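The next block holds one structure in the form of structure tokens; read it before the comments.
Being a predicted model, the structure only gives us computed values, none of them experimental. Convention: sequence-line order gives letters A, B, ...; per-chain numbering from 1.
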Amino acid sequence: MLRIPCPHCGERDYTEFRYAGDATKRRPVHGTEDVRAWYEHVFLFTNPKGPHREYWQHVQGCRQWLVLERDTATNTVGRSWLARTGAPS
Amino acid sequence: MKLLSRYSGLALARRALTDSRWQRAWRSPDPKPSYDVIIVGGGGHGLATAYYLASRHGIRNVAVLERGYLGSGNVGRNTTLVRSNYLMPGNTQFFEHSLQLWEGLSHELNFNVMLSQRGQIVLAHGPGQLDVLARKGNTMRLNGIDAELMEREDVMRFLPFLDHSEHCRFPIYGGLFQQRAGTVRHDAVAWGYARAADRLGVDIIENCEVTGFLRDGDRVTGVETSRGTIHAGRTAISVAGHSSHVAAMLGMRLPIESHILQAFVTEPIKPFLDCVVSFGAELFYISQSDKGGMVFGGHIDGFNTYTQRGQFPRAQTVAECAVALIPAMSRLRLLRHWGGIQDMTPDGSPFIGRTPFRDLYINAGWCYQGFKATPATGWCLAHTIAHDAEHPLIRHLALDRHMAGNGHDEYGLGLWTYRQ
Ligand SMILES: Cc1cc2nc3c(=O)[nH]c(=O)nc-3n(C[C@H](O)[C@H](O)[C@H](O)COP(=O)(O)OP(=O)(O)OC[C@H]3O[C@@H](n4cnc5c(N)ncnc54)[C@H](O)[C@@H]3O)c2cc1C
Ligand SMILES: [Zn+2]
């Protein structure tokens with residue numbers, strides 16, 4: 001079972017969380033008219049085989065959003081931090 | 001190189017009497033310095049493409065490059081279901097073409113792929129769902145495809161061992177049955193296409209991983225591999241769950257995430273379930289293998305990964321579905337389960353066709369449904385490569401369709417359903 005370290009609640013089964021994808025994507029600035037910029041943001045993924053930074057929400061715990069480092073080639077889990085703090089603590 | 005002999009009753013009898021060895025089913029050549037066409041990925045799709053290039057388009061100077069051994073990917077990991085009960089224009093015709101190719105495939109390849117048209121039923125658990133199935137059935141029939149709508153009583157007679165009580169969580173209202181649907185022996189598909197392509201001169205090169213591409217401006221002119229550089233007139237990527245990984249070698253990002261899908265099989269029991277059943281209340285489907293095992297599958301695990309090790313909670317949900325649908329299964333033991341990495345796309349449909357690079361073609365994004373598509377994908381991709389123009393059956397599957405807002409979601413539920 002994949003176990004995820006929540007900064008608030010400690011290590012928990014991944015089933016307590018909801019996965020929300022790549023956390024390195026940056027939304028185009030509000031009002032951007034270039035459709036391609038939105039297309040790339042919404043539809044294209046780096047989807048790397050290796051280190052990945054991703055969002056999870058601890059829906060069945062503290063309900064906080066966090067960023068997790070995980071290697072998609074092995075599922076090895078690294079650091080995690082609260083998404084709103086924006087950086088590893 | 002001596003031509004491999006055809007399989008036949010006579011050949012079998014001769015070998016039984018003379019004790020002579022069977023020849024290898026395909027050669028094991030070293031890569032040549034260059035080919036007219038290189039197919040990256042020796043799964044069902046890549047092998048079928050090579051076979052149709054050689055047999056239908058006269059292009060025989062072709063190599064299929066496979067990172068591992070043939071059958072190590074999803075072609076050897078899937079739950080073997082084939083059917084053509086699709087609603088959306090484009091999909092209906094594509095999958096029916098595939099089913100028709102399946103129907104002649106054993107003869108075409110001189111290899112028994114063991115197509116078993118045992119039929120598939122999709123269940124409805126409410127009147128609304130039955131209406132949707134009726135619409136799908138009508139669409140199929142208008143396209144000349146067999147479909148039969150079943151009422152609750154019909155399903156009770158047909159599959160008496162399902163939970164037909166009125167008080168269960170998802171009572172059965174009826175279903176849509178396709179008799180021509182069924183199962184195919186998946187390994188035989190890889191071996192059959194490989195052997196038939198090999199006989200036409202295609203080089204099938206195993207243990208040959210593509211690690212990069214050769215480029216001349218916006219043209220792709222070959223590949224770097226673990227067995228050296230190989231030049232190509234045209235190149236096609238057909239690597240199932242590794243599409244993003246291989247496309248990244250050209251700096252391309254795709255509308256794809258890689259996810260694990262698991263399959264499960266129980267201990268063998270006597271013949272019990274003689275068709276394929278799809279639950280309508282969850283993504284869950286089940287059939288019984290010729291060896292007797294109950295074979296079933298469900299959803300992806302739900303987060304992108306390239307590891308072929310599945311998570312335990314999925315075993316629980318599919319077991320719950322199995323028992324909800326067929327209570328008699330509650331005491332069966334799970335024998336094995338395994339996983340395969342598959343591409344997931346925003347609308348659940350694949351991408352087949354040309355790419356932003358000249359002489360580079362892609363076949364990717366197959367989500368749950370790529371096995372049944374194997375013959376038609378090979379057929380259409382071979383045409384697309386040979387003519388440098390998309391086959392009419394795959395025009396709705398362009399790589400850049402989301403840029404134009406042309407998502408093609410089969411279930412009419414909008415985009416991103418796989419994330420919910
Ligand atoms: C558990 C499971 C159940 C499924 N059940 C069904 C089903 O019942 N019905 C259905 O229609 N579909 C089903 N599918 C989907 C279907 O199996 C796939 O969509 C289909 O097999 C993909 O095409 P393929 O056969 O070419 O893939 P694969 O067999 O995976 O072929 C791709 C090949 O590319 C190779 N490759 C990758 N990277 C490289 C590289 N860099 N260089 C060289 N080679 C490379 C891989 O080793 C692999 O052999 C299922 C999938 C899974 C995982
Ligand atoms: Zn928490």
Under a 4.5 Å heavy-atom cut-off, does chain A meet the side chain of [X], its backbone, both or neither?
X        : value
B:Leu254 : backbone
B:Phe312 : neither
B:Ile341 : neither

To the nearest 0.5 Å, what is the distance between [atom1] ([X]) and [atom2] ([Y])?
X        : Y        : atom1 : atom2 : answer
A:Lys49  : B:Ser244 : NZ    : OG    : 11.5 Å
B:Asp343 : A:Phe45  : CG    : CZ    : 12.0 Å
A:Glu40  : B:Arg253 : CD    : CZ    : 6.0 Å

field: Interface residue of largest heavy-atom contact number with chain A, from B:Glu257, B:Gln308, B:Met252, B:Arg419, under 4.5 Å
entry: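 So the answer, after comparing B:Glu257, B:Gln308, B:Met252, B:Arg419, is B:Glu257.
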field: Most contacts with chain A, counted as non-hydrogen pairs under 4.5 angstrom, among B:Gly310, B:Ser258, B:Gly405
entry: B:Ser258
- request: Apply the test side-chain contact (heavy atoms from CB on, under 4.5 Å) to residues B:Thr305 and A:Arg70: give CA-CA distance (whole Å), side-chain angles for both, the deciding distance (0.1 Å), then the verdict.
  value: CA-CA 9 Å; B:Thr305 181; A:Arg70 179 176 58 97; 3.9 Å; yes
I need the residue from [options] with the largest number of non-hydrogen atom pairs under 4.5 Å to chain B.
options                   : result
A:Thr46, A:Asp13, A:Thr15 : A:Thr46
A:Trp56, A:Trp38, A:Tyr39 : A:Tyr39
A:Ala20, A:Gly21, A:Ala73 : A:Ala73

message: Under a 3.5 Å cutoff, is there a donor and acceptor pairing between the side chains of A:Thr72 and B:Asn304?
response: no
- prompt: For B:Arg309, does the CZ atom have more than 12 heavy-atom neighbours from other residues, nucleotides or ligands under 6.0 Å away?
  reply: no
- prompt: Under 6.0 Å from the CD atom of A:Glu11, do we count more than 12 heavy atoms belonging to anything else shown?
  reply: yes
task: Apply side-chain contact (heavy atoms from CB on, under 4.5 Å) to the pair B:Phe303 and A:Asn75, showing each step before the final yes or no.
output: CA-CA 10 Å; B:Phe303 52 90; A:Asn75 279 349; 4.0 Å; yes
- prompt: In terms of the angle between their ring planes, are B:His402 and A:Phe43 parallel, tilted or perpendicular, with boundaries placed at 30° and 60°?
  reply: parallel
field: For B:Gln311 against A:Tyr14, the heavy-atom pair lying closest together
entry: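 Nearest pair, atom of B:Gln311 first, then A:Tyr14: CB-OH, 3.4 Å.
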message: Show, in sequence, the C-alpha distance, side-chain angles and deciding distance for A:Asn47 and B:Tyr306, and conclude whether the side-chain contact (heavy atoms from CB on, under 4.5 Å) test is met.
response: CA-CA 10 Å; A:Asn47 188 23; B:Tyr306 288 85; 3.3 Å; yes
- prompt: Which region of A:Arg18, side chain (C-beta onward) or backbone (N, CA, C, O), has a non-hydrogen atom less than 4.5 Å from a non-hydrogen atom of chain B, or is it both or neither?
  reply: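 A:Arg18 touches chain B through side-chain heavy atoms alone.
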